[in-house]
Amino acid sequence: MDDKKKHVLDQALDLYKIGKVEEARVQLRQVISQMPSGWRPIREDAKSIRVAFWNVDEFQLYVAYHKKNEAGGARNIFYDFPSYSEACYLLAFIDLEQQNTVEALNWLDK
């Protein structure tokens, strides 16, 4: 688990909460600028599932569900970072709060 990448999203949200909106935007845009072409929040193969979860609770529920419901032996499940969808959501949230509706919708479409 790459804690540094996860912390960038948390730090951006903390910056926003203390009124440093532009700094939060810069951090989130930096994360999104590194998004690989064709990135998807879930990547699967025969042996594993990698998911860019938004939090540990979501990860634990997903693991529990798959252990219970996956036939033929459970695959390894990995918590992948960063969640580019979470970064886009946070940017959309910030833009919506700043009444930049068009920009917010653009982030949600990314």
Side-chain angles (χ1 to χ4, degrees):
M1 200 182 296
D2 188 346
D3 287 338
K4 184 178 178 184
K5 288 181 181 177
K6 176 60 179 168
H7 291 310
V8 168
L9 299 180
D10 293 338
Q11 288 170 357
L13 188 56
D14 290 343
L15 286 168
Y16 175 79
K17 288 177 183 177
I18 62 171
K20 295 184 177 184
V21 176
E22 197 51 41
E23 289 180 44
R25 271 196 186 110
V26 167
Q27 277 197 344
L28 292 167
R29 286 182 178 145
Q30 175 72 25
V31 170
I32 292 169
S33 73
Q34 298 171 15
M35 181 170 56
S37 177
W39 177 85
R40 296 286 178 248
I42 300 175
R43 294 178 291 145
E44 297 184 62
D45 61 33
K47 295 181 182 180
S48 66
I49 304 170
R50 295 186 163 279
V51 183
F53 296 99
W54 286 25
N55 60 58
V56 173
D57 293 335
E58 187 179 49
F59 169 70
Q60 291 172 336
L61 288 169
Y62 191 87
V63 169
Y65 173 82
H66 274 276
K67 281 185 177 180
K68 181 178 177 182
N69 295 302
E70 191 164 293
R75 293 181 280 176
N76 291 320
I77 300 173
F78 298 98
Y79 193 151
D80 216 3
F81 288 112
S83 174
Y84 296 106
S85 59
E86 182 180 9
C88 288
Y89 170 82
L90 291 172
L91 273 168
F93 173 82
I94 289 170
D95 281 326
L96 200 55
E97 287 287 310
Q98 301 294 312
Q99 299 181 3
N100 298 327
T101 307
V102 172
E103 190 66 24
L105 291 172
N106 287 336
W107 288 117
L108 293 175
D109 284 339
K110 199 156 184 63

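Index from 1, following the sequence.
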Undergrad: Measure the spacing between CZ of F93 and CG of L13 and express it to the nearest 0.5 Å.
TA: 7.5 Å
Undergrad: Determine whether R25 and L15 satisfy the following criterion, side-chain contact (heavy atoms from CB on, under 4.5 Å), listing intermediate values before the conclusion.
TA: CA-CA 9 Å; R25 271 196 186 110; L15 286 168; over 6 Å; no
Undergrad: Roughly how far, to the nearest 0.5 Å, is the CG atom of D14 from the NZ atom of K20?
TA: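 CG of D14 is found 11.0 Å from NZ of K20.
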Undergrad: Check for me, please, whether L28 and M35 land in the same ILVMFWY cluster - side-chain distances under 4.5 Å, paths through other members count.
TA: yes
Undergrad: First locate atom CD of Q60, then atom CZ of F53, and finally report the distance between them rounded to the nearest 0.5 Å.
TA: 10.0 Å
Undergrad: Going hydrophobic residue to hydrophobic residue with side-chain gaps under 4.5 angstrom, can you get from Y65 over to Y79?
TA: no
Undergrad: Would E44 and R75 count as a side-chain contact (heavy atoms from CB on, under 4.5 Å) here? Give the steps.
TA: CA-CA 9 Å; E44 297 184 62; R75 293 181 280 176; 2.8 Å; yes
Undergrad: Above 12 or not: heavy atoms from other molecules or residues under 6.0 Å from CZ of R40?
TA: no
Undergrad: What's the shortest heavy-atom distance between D57 and N55, and which atoms?
TA: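 That closest heavy-atom pairing would be N-OD1, 3.1 Å.
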Undergrad: Report whether V26 and I94 are members of the same hydrophobic cluster (ILVMFWY, side-chain heavy atoms less than 4.5 Å apart, transitive linking).
TA: no
Undergrad: Identify the two heavy atoms, one from V31 and one from Y84, that lie closest to each other, and give their separation to 0.1 Å.
TA: O-CE2, 3.2 Å
Undergrad: Can you say whether the rings of Y89 and W54 are parallel (under 30°), tilted (30 to 60°) or perpendicular (over 60°)?
TA: tilted
Undergrad: About how many Å separate CG of L61 and CZ of F59, when rounded to the nearest 0.5 Å?
TA: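 So the gap between those two atoms works out to 11.0 Å.
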Undergrad: Honestly curious: do V56 and V51 fall in one hydrophobic cluster under the side-chain, below-4.5 Å linking rule?
TA: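 Same cluster.
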Undergrad: Can you list everything that forms a side-chain contact (heavy atoms from CB on, under 4.5 Å) with R50? Sequence neighbours excluded, please.
TA: R43, F78, D80
Undergrad: Same cluster for L91 and L96 if Ile/Leu/Val/Met/Phe/Trp/Tyr side chains link at under 4.5 Å?
TA: no
Undergrad: So, do W107 and R29 sit near enough that their side-chain heavy atoms are less than 4.5 Å apart?
TA: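 Touching, per the 4.5 Å side-chain cut-off.
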Undergrad: What pair of heavy atoms forms the shortest contact from A52 to S83, and how long is it?
TA: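 That closest heavy-atom pairing would be O-OG, 3.5 Å.
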Undergrad: Taking Q27 for the side chain and A12 for the main chain, is one N or O donor matched with an acceptor at less than 3.5 Å?
TA: yes
Undergrad: Check the pair E86 / L90 against side-chain contact (heavy atoms from CB on, under 4.5 Å), numbers first and verdict last.
TA: CA-CA 6 Å; E86 182 180 9; L90 291 172; 4.2 Å; yes
